[in-house]
*Asks:* 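Got a structure for you, questions after.
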Amino acid sequence: DVYKRQRPNDPEFLKQLGELGLDLGVVVGYGHILKPALLALPPKGMINVHASLLPAFRGAAPIEYAILNGLEETGVSVMQLDAGMDTGPVLLQVPTPIAPDENAGELTARLAELGALALIEALSLIASGAAKSDPQDDRLASYAPKLTPELARIQWRDEAEVIARQVRALDPRVGARTTLRGRMVKLFGPRPADKWNEHANPGEIFETHPALVVATGSGALQFLDVQPEGRPRMAAADWIRGRGATKGDCFE
């Protein structure tokens, strides 16, 4: 049976779940904090698969913040839910490296597979009575709040590596964005530029052939894809060929 409720703590929904006689609840990628009345329904509680190595990056966007912060490793945590936000004891963790050029979409796909396997293992441990829960150390906690338009705005005076992490972290769910001639443009696929003009202003396009290369506050970046306002994502070379940008233009 499938039950759908916009409000998971609705009394009618709690009544329906209580009548099912559930032993254990599983939550994956759910954007609501569950109240104690719901958490207490299954005798063995409720567990959650979270896409970070808790207590790092509790909250809504752990994958994006792992890349934004330049982490070389992340992972998945299977945890017992409590009334807090990703604060419950951890049953199982599986780490994985973050590739230097990996974006959030690619990392999300990998962590989804890793999380599914970790969930199966955790359920086996619970069923056999071998599961052990480790309380989180709140002193080590960090947070990954919801992504905002302000976070997506590229600050061209930042260093090239900072901007590259921002672009990868927001690809594809939000898209790091800038403005050219008053129109919004999203940028994707950052790569270190082979050469750069140290006299170029931050945000200035100083190469369009064979690649779109933009100066930053320190260094320069090449971008493989763009998404102009109101249009689909496309290769940067196609955008330039269509006169979307020319050498000497400056992103704001």
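All figures in this text were calculated on a predicted structure; none of them were measured in a lab.
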*Asks:* For residues Leu38 and Leu22: do they belong to one hydrophobic cluster (side chain heavy atoms under 4.5 Å, members Ile, Leu, Val, Met, Phe, Trp, Tyr)?
*Replies:*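 Same cluster: Leu38 reaches Leu22 through Ile, Leu, Val, Met, Phe, Trp or Tyr contacts under 4.5 Å.
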*Asks:* Write down the atom of Glu159, the atom of Ser218, and the distance for their closest heavy-atom approach.
*Replies:* CG-CB, 3.9 Å
*Asks:* For the pair Arg233 and Asp238, find out whether any cationic side-chain nitrogen is under 4.0 Å from an anionic carboxylate oxygen.
*Replies:* no
*Asks:* Where do Pro42 and Asp23 come nearest, in terms of heavy atoms and distance?
*Replies:*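 Closest pair (atom of Pro42, atom of Asp23, distance): CB-O, 3.4 Å.
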*Asks:* Quick check: does any side chain N or O of Glu121 sit under 3.5 Å from a backbone N or O of Ala118, one acting as donor and the other as acceptor?
*Replies:*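 It does not hold such a pair.
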*Asks:* Does a side-chain heavy-atom distance below 4.5 Å link Asp134 with Pro89?
*Replies:*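 The answer is no, as the side chains (C-beta and beyond) never meet within the 4.5 Å cut-off.
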*Asks:* Hey, what do you get for CG (Asn103) to CG (Leu170), rounding to the nearest 0.5 Å?
*Replies:*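 The CG atom of Asn103 sits 10.5 Å away from the CG atom of Leu170.
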*Asks:* Check Ala60 against Lys146 and note the closest heavy-atom contact, atom names and distance.
*Replies:*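 Taking Ala60 first and Lys146 second, the nearest heavy atoms are CB-CG, 3.8 Å.
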*Asks:* Could you tell me if the side chain of Asp138 sits less than 4.5 Å from the side chain of Pro55, heavy atoms only?
*Replies:* no
*Asks:* Look up atom CD in Gln166 and atom CD in Glu161, then write down how far apart they are to the nearest 0.5 Å.
*Replies:* 12.0 Å
*Asks:* Which pair of heavy atoms, one from Ala245 and one from Arg181, lies closest together, and at what distance?
*Replies:*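 Reported closest heavy-atom pair: CA-NH2, 3.9 Å.
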*Asks:* Any chain of hydrophobic side-chain contacts (each under 4.5 Å) joining Leu187 to Met184?
*Replies:*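 They do not share one cluster, since no chain of ILVMFWY contacts under 4.5 Å joins Leu187 to Met184.
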*Asks:* State, yes or no, whether a side-chain contact exists between Leu111 and Ile63 at a heavy-atom distance under 4.5 Å.
*Replies:*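 SC-SC contact between Leu111 and Ile63 confirmed.
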*Asks:* Hey, mind stepping through Val213 and Leu221 against side chain to side chain contact (heavy atoms under 4.5 Å, CB included) and telling me if it holds?
*Replies:* CA-CA 6 Å; Val213 183; Leu221 289 171; over 6 Å; no
*Asks:* Does either side chain, that of Arg173 or that of Thr108, offer a donor lying less than 3.5 Å from an acceptor on the other one?
*Replies:*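 No, because no side-chain N or O of Arg173 sits under 3.5 Å from a partner of the opposite role on Thr108.
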*Asks:* Output the distance between atom CG (Leu91) and atom CG (Leu125), rounded to the nearest 0.5 Å.
*Replies:*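 Separation between the atoms: 8.5 Å.
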*Asks:* Looking only at heavy atoms, what is the nearest atom pair of Arg58 and Thr87, with distance?
*Replies:*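 Between these two residues, the closest heavy atoms are NH1-CG2, 3.5 Å.
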*Asks:* Quick check on Asp194: does its CG atom have over 12 non-hydrogen neighbours (other residues, nucleotides or ligands) under 6.0 Å away?
*Replies:* no
*Asks:* Looking only at heavy atoms, which two atoms of Val49 and Gly115 are closest? And how far apart?
*Replies:*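 In terms of heavy atoms, the two residues are closest at CG1-CA, 4.0 Å.
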*Asks:* Verify, without hydrogens or angle tests, whether Asn69 (side chain) and Ala66 (backbone) share a donor-acceptor contact under 3.5 angstrom.
*Replies:* no
*Asks:* Can a salt bridge be assigned to the pair Lys186 and Asp171 using a cut-off of 4.0 Å between side-chain N and carboxylate O?
*Replies:*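 Here Lys186 does not pair with Asp171 in a salt bridge, since their nearest N and O are not under 4.0 Å apart.
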*Asks:* Any sub-3.5 Å donor-acceptor pair from Gln80's side-chain atoms to Lys44's backbone N or O?
*Replies:*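 Indeed, once roles are kept as given, a pair shorter than 3.5 Å links the two residues.
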*Asks:* Using atom types as modelled and distance alone, determine if a side-chain donor or acceptor of Ser52 lies under 3.5 Å from a backbone N or O of Ala56.
*Replies:*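 Side chain of Ser52 to backbone of Ala56, a donor-acceptor pair under 3.5 Å: yes, one is there.
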*Asks:* Could you walk me through whether Gln227 and Val185 pass side chain to side chain contact (heavy atoms under 4.5 Å, CB included), step by step?
*Replies:* CA-CA 6 Å; Gln227 185 178 357; Val185 181; over 6 Å; no
*Asks:* Under the side chain to side chain contact (heavy atoms under 4.5 Å, CB included) criterion, do Ile47 and Ile126 qualify, and how do the steps go?
*Replies:* CA-CA 10 Å; Ile47 61 174; Ile126 293 170; 4.1 Å; yes
*Asks:* Does any N or O in the side chain of Thr179 come within less than 3.5 Å of the main-chain N or O of Gly182, such that one atom is a donor and the other an acceptor?
*Replies:*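 A pair under 3.5 Å: no.
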*Asks:* Between the side chains of Arg110 and Glu106, is the shortest nitrogen-to-carboxylate-oxygen separation below 4.0 Å, so that they form an ion pair?
*Replies:*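 So Glu106 does not pair with Arg110 through a salt bridge.
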*Asks:* Are Arg157 and Thr216 close enough, and set up right, to give a side-chain hydrogen bond (donor to acceptor under 3.5 Å, both in side chains), and what steps lead you there?
*Replies:* CA-CA 6 Å; Arg157 294 191 178 278; Thr216 73; over 6 Å; no
*Asks:* Do Val90 and Val94 sit in the same hydrophobic cluster, where Ile, Leu, Val, Met, Phe, Trp and Tyr count as joined when their side-chain heavy atoms come under 4.5 Å apart?
*Replies:*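 Result: no, two separate clusters.
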*Asks:* For Gly59, is there any backbone N or O sitting under 3.5 Å from a side-chain donor or acceptor partner on Asp86?
*Replies:* yes
*Asks:* Applying side chain to side chain contact (heavy atoms under 4.5 Å, CB included) to Thr74 and Thr96, what does each step give before you reach the verdict?
*Replies:* CA-CA 6 Å; Thr74 186; Thr96 187; 4.3 Å; yes
*Asks:* More than 12 foreign heavy atoms under 6.0 Å from CD of Glu113: is that the case here?
*Replies:* no
*Asks:* Assigning hydrophobic clusters by single linkage (Ile, Leu, Val, Met, Phe, Trp, Tyr; side-chain heavy-atom cutoff under 4.5 Å), is Leu14 placed with Tyr30?
*Replies:* yes
*Asks:* Under the side-chain hydrogen bond (donor to acceptor under 3.5 Å, both in side chains) rule, what do Ser77 and Gln93 come out as? Steps first, then yes or no, please.
*Replies:* CA-CA 4 Å; Ser77 301; Gln93 288 189 324; 2.9 Å; yes
*Asks:* Would you call Val27 and Leu34 a side-chain contact if the rule is heavy atoms closer than 4.5 Å?
*Replies:*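 Counting from C-beta outward, Val27 and Leu34 do come under 4.5 Å.
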*Asks:* Does any part of the side chain of Glu207, heavy atoms only, come nearer than 4.5 Å to the side chain of Leu212, both counted from C-beta?
*Replies:*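 The answer is no; the side chains never approach within 4.5 Å.
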*Asks:* Rounded at 0.5 Å granularity, tell me how far CG in Leu119 sits from CG in Leu114.
*Replies:* 11.5 Å
*Asks:* In the structure I gave you, are the side-chain heavy atoms of Phe251 and Ile154 within less than 4.5 Å of one another anywhere?
*Replies:* no
*Asks:* If you define the side chain from C-beta out and look only at heavy atoms, does anything of Phe188 sit under 4.5 Å from Val226?
*Replies:*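 Sidechains of Val226 and Phe188: no contact.
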*Asks:* Tell me whether Gln16 contacts the main-chain N or O of Phe13 through its side chain, where contact means a donor paired with an acceptor under 3.5 Å.
*Replies:* no
*Asks:* Would Arg191 count as a cation-pi partner of Phe223, with NZ or CZ less than 6.0 Å from the six-membered ring centre and within 45° of the ring normal?
*Replies:* no
*Asks:* When rounded to the nearest 0.5 angstrom, what is the spacing between CG in Asp82 and CD in Gln136?
*Replies:* 8.0 Å
*Asks:* Between atom CE of Met46 and atom CG of Leu41, what is the distance when rounded to the nearest 0.5 Å?
*Replies:*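 Rounded to the nearest 0.5 Å, the CE-CG separation comes out at 8.0 Å.
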*Asks:* Using side-chain heavy atoms (C-beta onward) and a distance below 4.5 Å, is Ile120 in contact with Leu123?
*Replies:*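 Answer no - side chains too far apart.
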*Asks:* May I ask whether Ile67 and Leu147 are part of the same hydrophobic cluster, defined by side-chain heavy atoms of I, L, V, M, F, W, Y residues being less than 4.5 angstrom apart, directly or through others?
*Replies:*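 Yes; Leu147 is reachable from Ile67 via cluster members.
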*Asks:* Please answer whether the main-chain N or O of Phe57 pairs with a side-chain N or O of Ser142 as donor and acceptor at a distance below 3.5 Å.
*Replies:*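 Yes, because the side chain of Ser142 sits within donor-acceptor range (under 3.5 Å) of the backbone of Phe57.
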*Asks:* Determine whether more than 12 heavy atoms belonging to other residues, nucleotides or ligands lie under 6.0 Å from atom CD of Glu72.
*Replies:*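 Counting other residues, nucleotides and ligands, CD of Glu72 stays at 12 neighbours or fewer.
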*Asks:* Check this for me: Glu198, atom CD, are more than 12 non-hydrogen atoms of other residues, nucleotides or ligands nearer than 6.0 Å?
*Replies:*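 Atom CD in Glu198 is not crowded, with 12 or fewer foreign heavy atoms closer than 6.0 Å.
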